[in-house]
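Because the structure is predicted, anything quoted here is derived from the model rather than measured.
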Amino acid sequence: MAYETIMVEVEDEVALIRLNRPEALNALNSTLLTELGEALTEADRNDKIRCIVLTGSEKAFAAGADIKEMAEKSYVDVYTEDLFGASIEPMMRLRKPIIAAVSGYALGGGCELAMMCDFIICAENAKFGQPEINLGVVAGIGGTQRLTRFVGKAKAMDMNLTGRFMDAAEAERSGLVSRVVPTPKLIPEALSAARKIAEKSTVATRTVKESVNRAYETTLREGLLFERRAFHALFATEDQKEGMAAFLEKREAQFRDR
Ligand code: CO8
């Protein structure tokens, strides 16, 4: 499908979705959010895609929601249209693993979009921030919630109250990102991680996603029970038989998502 504000390439069962509004540092306007939602929904439906990488440009993953587009809106406007509520639904519904590959600015909605992915790999030039405070507002899709769970209260308060940016080294130290790589290696590293995930059983990778996300939504006791039942349930799959047989026979497993 041809898009105006994103680019989608599929290779080796991995979809690479690139935000593409260079004139506005990939600011998330309504066209981009609609197109991104469509691309994610399509990727989730397409059997030839097993993992997704979401990225931007070298200068910006995304510099936040499009300020020009929302500056004149009233409370009644944003409340009535539930601004950004519906546009993030496709990401929330996504069952396939998705990696954010962040280079440059990931600010406001850009940082929040990256945090909605399953994990973040970033380049050495990455800068994360929730600078909404400078605009007289607050984060709208997770900057006070997901960020607090990822980096703790002290840093989340600091970033949301002062609007300061966090560099790649601090982001890795704080648990916001899983890996930092030299900027030119960002896409190869993210694609290589995605291909590794694509080789696994889809039933198992989806179960990992559900189980890890459960850790953020429930008590430890309930989460552990969920995980154990998920572990038990995977013994009903052919992929469990194949995975364990392959180990014992000292060969590569051939998963069939069954
Ligand atoms: N919205 C609209 N346009 C933007 C945005 C943005 N968020 N960010 C940058 N641009 C535009 C600039 O206006 C400029 O356009 P023009 O050349 O036409 O004036 C162009 O991109 C290049 O930007 P700069 O000239 O400012 O580039 P610099 O390298 O000097 O600075 C910065 C880069 C530091 C990233 C700077 O552009 C900046 O501070 N941007 C705004 C960052 C920000 O405040 N983000 C938060 C936005 S609010 C938000 O995200 C609320 C989240 C709610 C949920 C979102 C759900 C998706």
Side-chain angles (χ1 to χ4, degrees), residues 5-9 14-22 24-29 32-33 35-36 39-40 43 51-66 84 87-88 91-92 94 96-132 139-151 155-156 159-160 163-197 209 212:
T5 58
I6 62 171
M7 294 189 295
V8 183
E9 292 164 47
V14 173
L16 175 64
I17 303 180
R18 200 182 275 280
L19 307 179
N20 186 34
R21 290 190 69 215
L25 301 182
N26 293 331
L28 307 164
N29 67 1
L32 186 150
L33 288 169
E35 292 189 343
L36 178 61
L40 290 173
C51 191
I52 302 159
V53 173
L54 178 63
T55 195
S57 66
E58 189 174 318
K59 180 159 184 200
F61 176 76
D66 192 309
F84 305 128
S87 43
I88 60 164
M91 180 67 100
M92 303 278 287
L94 191 69
K96 289 182 184 166
I98 179 163
I99 303 170
V102 172
S103 180
Y105 297 111
L107 305 178
C111 185
E112 294 169 306
L113 185 63
M115 288 193 290
M116 269 190 282
C117 294
D118 294 319
F119 63 98
I120 304 173
I121 298 178
C122 80
E124 281 168 346
N125 72 344
K127 285 194 170 39
F128 298 89
Q130 298 293 158
E132 288 92 337
I141 54 163
T144 67
Q145 302 301 304
R146 287 194 183 88
L147 186 68
T148 306
R149 284 167 160 85
F150 296 168
V151 305
K155 280 187 187 289
M159 290 176 69
N160 277 282
R164 80 166 173 91
F165 300 163
M166 188 184 260
D167 68 16
E170 185 181 4
E172 187 180 33
R173 229 172 32 238
S174 313
L176 180 57
V177 308
S178 69
R179 314 178 194 182
V180 181
V181 295
T183 306
K185 295 223 168 89
L186 177 66
I187 300 300
E189 180 82 8
L191 288 176
S192 150
R195 284 190 193 114
K196 233 182 200 111
I197 293 168
K209 237 182 117 139
V212 174

Is the shortest heavy-atom distance from the side chain of [X] to the side chain of [Y] under 4.5 Å?
X	Y	answer
Met115	Ile141	no
Phe119	Pro97	no
Leu28	Leu36	no
Ile98	Met91	yes
Phe128	Val102	yes
Ile6	Leu32	yes
Asn125	Ser103	yes
Leu113	Leu19	yes

So, for [X] and [Y], which heavy atoms are closest and what is the spacing to 0.1 Å?
X	Y	result
Ala101	Phe61	O-CD1, 3.7 Å
Ala39	Val8	CB-CG2, 4.1 Å
Leu191	Val53	CD2-CG2, 4.1 Å
Ala194	Val14	CB-CG1, 3.7 Å
Gly143	Leu147	O-CB, 3.2 Å
Ile52	Ala43	CD1-CB, 3.7 Å

Tell me if a side-chain donor or acceptor on [X] pairs with a main-chain N or O of [Y] at a distance below 3.5 Å.
X	Y	answer
Lys209	Lys96	yes
Ser174	Leu176	no
Thr148	Ala156	no
Gln130	Met159	no

Give every residue pair that meets the side chain to side chain donor-acceptor pair (under 3.5 Å) criterion with at least one member in residues 175-187, sequence neighbours excluded. Arg179-Glu189
Going from [atom1] on [X] to [atom2] on [Y], what distance comes out if it is rounded to the nearest 0.5 angstrom?
X	Y	atom1	atom2	answer
Lys59	Leu25	NZ	CG	5.0 Å
Asn29	Thr5	CG	OG1	6.0 Å
Phe84	Leu33	CZ	CG	6.5 Å
Leu107	Asn26	CG	CG	11.5 Å
Cys51	Leu16	SG	CG	11.0 Å
Lys127	Cys122	NZ	SG	10.5 Å

Please test Arg146 against Glu112 for side chain to side chain contact (heavy atoms under 4.5 Å, CB included), starting from the C-alpha separation and ending with a verdict. CA-CA 8 Å; Arg146 287 194 183 88; Glu112 294 169 306; 5.9 Å; no
Between Glu35 and Arg21 (salt bridge meaning N to carboxylate O under 4.0 Å), is one present in this structure? no
Taking only residues two or more places apart in sequence, or in another chain, which ones meet Arg173 in a salt bridge (Lys or Arg N to Asp or Glu O under 4.0 Å)? none
Sequence neighbours excluded, which residues qualify as salt bridge (Lys or Arg N to Asp or Glu O under 4.0 Å) partners of Glu172? none
